[in-house]
Amino acid sequence: MTPESVSDDLQNRLSTILERQARICAGTVQLLGLESLRDRLGARWPAVRDRVHQLTERLLKQSLDPADIVFPYGTDTYLVVFARLDERAASLLCARILRDLQRLLLGDADAATIVVRTAVRQVSGDLVVRPHRLSDMMADAADADAASESGAESGAESGADSGGGSGGDHQGPPGGRAPATLAGAGGAAGEPGWVPLMAQGGGSFRQEDVTAAWAARGQLGPLEIVYRPVWDAVHQSVSLYVARGRRVRRGGQAVYGYDTIPQTAAGSLSAENLAAILELDEETVRQAIAVYLDLYDSRFRFYLSLPVHYETLAAMRRRRSYLALASRIPAHLVPFLSYHLVGLPAGTPTGRLADFVTALRPVGRGVTVEVRLGRQDMGILEAAGVKGVGVVLPGVDDPLALPTALDGPGTERPLADRVATDLGLVAAEAQRRRLKLYVEGVHTVEAEALIDRVGADFLAGDLIGGWTMTPRHIARLTRVELLANSRQTSGA
């Protein structure tokens, strides 16, 4: 293919990487675009765009080496800098990610539409982008594999003629294993795989230079508070909205809740992280109450659930700060408010949790606690005065948690049957403890049917409605109407 021209902006940014990597191998910088998937999804693209980007980032994280770096570029493109793979192997890996995206989201993959691009600096110093089509790479890999097999057969015949190959000059891998080929590693017969190949330049990869040059790519936009409608399955209505912080990356992907805060591993949060968590919780209260006051004056009524993190309430100083703000909520709004406690550590004593519930009781209707899926004892929650529990479905209907060709043997993922069992255990225990059950992540009719079987009081997800800047008035919505609306939307 003829090399494509490069925009001035991309030229400058790629030059920043390549010129500071004096010994980097040309071909280690790949552009992975979602244009083919966007074209095939058509009118459905705006509704699923955020989830497609989340899935793409998940697959990239699973596939890349720890030394590799990925950045969003533009709205629907990722720039991947490979530390060790050469151009051929890197292109195949990116193409396989696009192939798996199409299979997960559309049920099939069209190799002719899957194109990845390699940023290459020519001898003249010009920077060009060289495209690679998956169908062509598959054909080349198949030809290479056939040639390899033909050579192996010829070698075997020669070995047989010379005494079965014992002794001689053959230096094969230990244990008699043949070298893996690009057509046979990591994929089904006839499909491209990849093997890690050392960069042709052979030099070191200065990751800190690339990280510094592209630091702005990971920056998030300003915080905004958005709301998701919750369907009340008991009263057949949409009367509750959950509030959540949202920031948008420069590439357009949305990040929600506490994921907007850079955090270390659980249990080792820095002072800056803790301060940021408190600031997010307090800003959510400020913005959400301001919006509700405007809507209340316009005779809008709805119930609102505000998130509050365990770390906000755990330290007395932070708790006092949060409660001082919450105590200024107008009294006429308090009956419409509840709190969603996030990040409660396992084994929290009843007395400590009861302190949280007691502290929040004057400023809301009650507290719901986010819990994990699976068997657990909710006696502590019941004894502490908690009103309900909430769970997030990890993959009943969402491709983010489904196994892909990138997963190795034995990879554990929350498949639908396992999620159904775990959700049933949560529902049974919640019912036994007389706790309301809130389920988030209900994106399809199939997921709603599963939840209907186990029994849940409140449901949220794409099936009910997406994130919005402004809640609406309480509205009646029967299950029949809910499913009918979802079918009309999917068919549009």
Side-chain angles (χ1 to χ4, degrees), residues 225-244 257 284 288 291-292 295-296 298-308 332-342 357 360 364-371 373 378 381-382 385-393 396-397 423-424 426-489:
I225 305 304
V226 291
Y227 308 87
R228 167 156 263 177
V230 178
W231 184 56
D232 185 335
V234 177
H235 297 96
Q236 301 279 287
S237 65
V238 175
S239 56
L240 172 67
Y241 283 80
V242 294
R244 193 159 297 165
T284 301
V291 168
Y292 203 146
L295 294 175
Y296 191 93
S298 301
R299 299 185 181 277
F300 278 70
R301 301 291 185 271
F302 55 90
Y303 294 100
L304 179 63
S305 178
L306 297 171
V308 57
H332 63 280
L333 294 187
V334 170
F336 298 96
L337 304 180
S338 61
Y339 296 86
H340 191 97
L341 182 59
V342 179
V357 175
L360 293 171
R365 296 166 53 89
V367 176
T368 294
V369 175
E370 182 177 294
V371 299
L373 283 171
M378 299 181 188
L381 306 183
E382 180 187 23
V386 170
K387 297 295 184 182
V389 294
V391 296
V392 179
L393 298 185
V396 175
D397 51 275
L423 183 60
V426 172
E429 179 67 3
Q431 185 177 12
R432 186 167 79 93
R433 300 293 181 178
R434 297 185 296 277
L435 299 172
K436 299 292 186 181
L437 176 59
Y438 163 77
V439 180
E440 186 171 325
V442 186
H443 303 313
T444 65
V445 173
E446 291 74 17
E448 190 280 332
L450 165 64
I451 296 167
D452 183 62
R453 289 195 298 271
V454 302
D457 301 280
F458 301 98
L459 285 68
D462 292 346
L463 183 71
I464 289 81
W467 295 99
T468 177
M469 297 299 295
T470 306
R472 297 182 179 181
H473 190 71
I474 294 174
R476 177 166 175 78
L477 183 65
T478 66
R479 184 171 186 266
V480 173
E481 292 170 337
L482 174 68
L483 299 181
N485 290 343
S486 69
R487 293 189 182 98
Q488 292 175 4
T489 302

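In this text the structure is predicted, and so the values were computed from the model without any measurement.
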Inter-residue atom distance His340.NE2 - Leu306.CG, 0.5 Å rounding: 11.5 Å

Atom pair CG/CG of Leu373 and Leu393 - distance to nearest 0.5 Å: 6.5 Å

Looking at side-chain heavy atoms only, is the closest gap between [X] and [Y] below 4.5 Å?
X	Y	result
Glu382	Arg434	yes
Val226	Met469	yes
Val454	Val439	no
Thr470	Phe300	no
Leu304	Arg365	no
Ile464	Leu482	yes
Tyr303	Asp232	no

Which atom names give the shortest non-hydrogen contact between [X] and [Y], and what distance separates them?
X	Y	answer
Val357	Gly385	CG1-O, 3.7 Å
Gly455	Ala427	O-CB, 3.8 Å
Val230	Ala460	CG2-CB, 4.1 Å
Val392	Glu370	CG2-OE1, 4.5 Å
Pro229	Gly466	CD-O, 3.4 Å

By side-chain contact (heavy atoms from CB on, under 4.5 Å) - contacts of Ser338 (at least two apart): Ser305

Criterion side chain to side chain contact (heavy atoms under 4.5 Å, CB included) on Val442 and Trp231, from CA distance to verdict: CA-CA 10 Å; Val442 186; Trp231 184 56; over 6 Å; no

Partner of Ile451 by side chain to side chain contact (heavy atoms under 4.5 Å, CB included), out of Leu459, Leu437, Leu463: Leu459

Using modelled atom types only, decide if a donor and an acceptor are shared between the side chain of [X] and the backbone of [Y] within a distance under 3.5 Å.
X	Y	result
His473	Arg301	yes
Tyr292	Phe302	yes
His443	Gly461	no

Whether Tyr296 and Phe336 hold their rings parallel, tilted or perpendicular, with breakpoints at 30° and 60°: perpendicular

Donor-acceptor list for residues 236-244 side chains, cut-off 3.5 Å, not counting sequence neighbours:
from   : atom 1 : to     : atom 2 : distance (Å)
Gln236 : OE1    : Arg479 : N      : 2.8
Gln236 : NE2    : Ala233 : O      : 2.9
Tyr241 : OH     : Arg472 : N      : 3.2
Arg244 : NH1    : Glu440 : OE2    : 2.7
Arg244 : NH2    : Glu440 : OE1    : 3.1

Verdict with supporting geometry, Leu381 and Val371, side chain to side chain contact (heavy atoms under 4.5 Å, CB included): CA-CA 10 Å; Leu381 306 183; Val371 299; 4.0 Å; yes

His235, NE2: over 12 other non-hydrogen atoms inside 6.0 angstrom: no

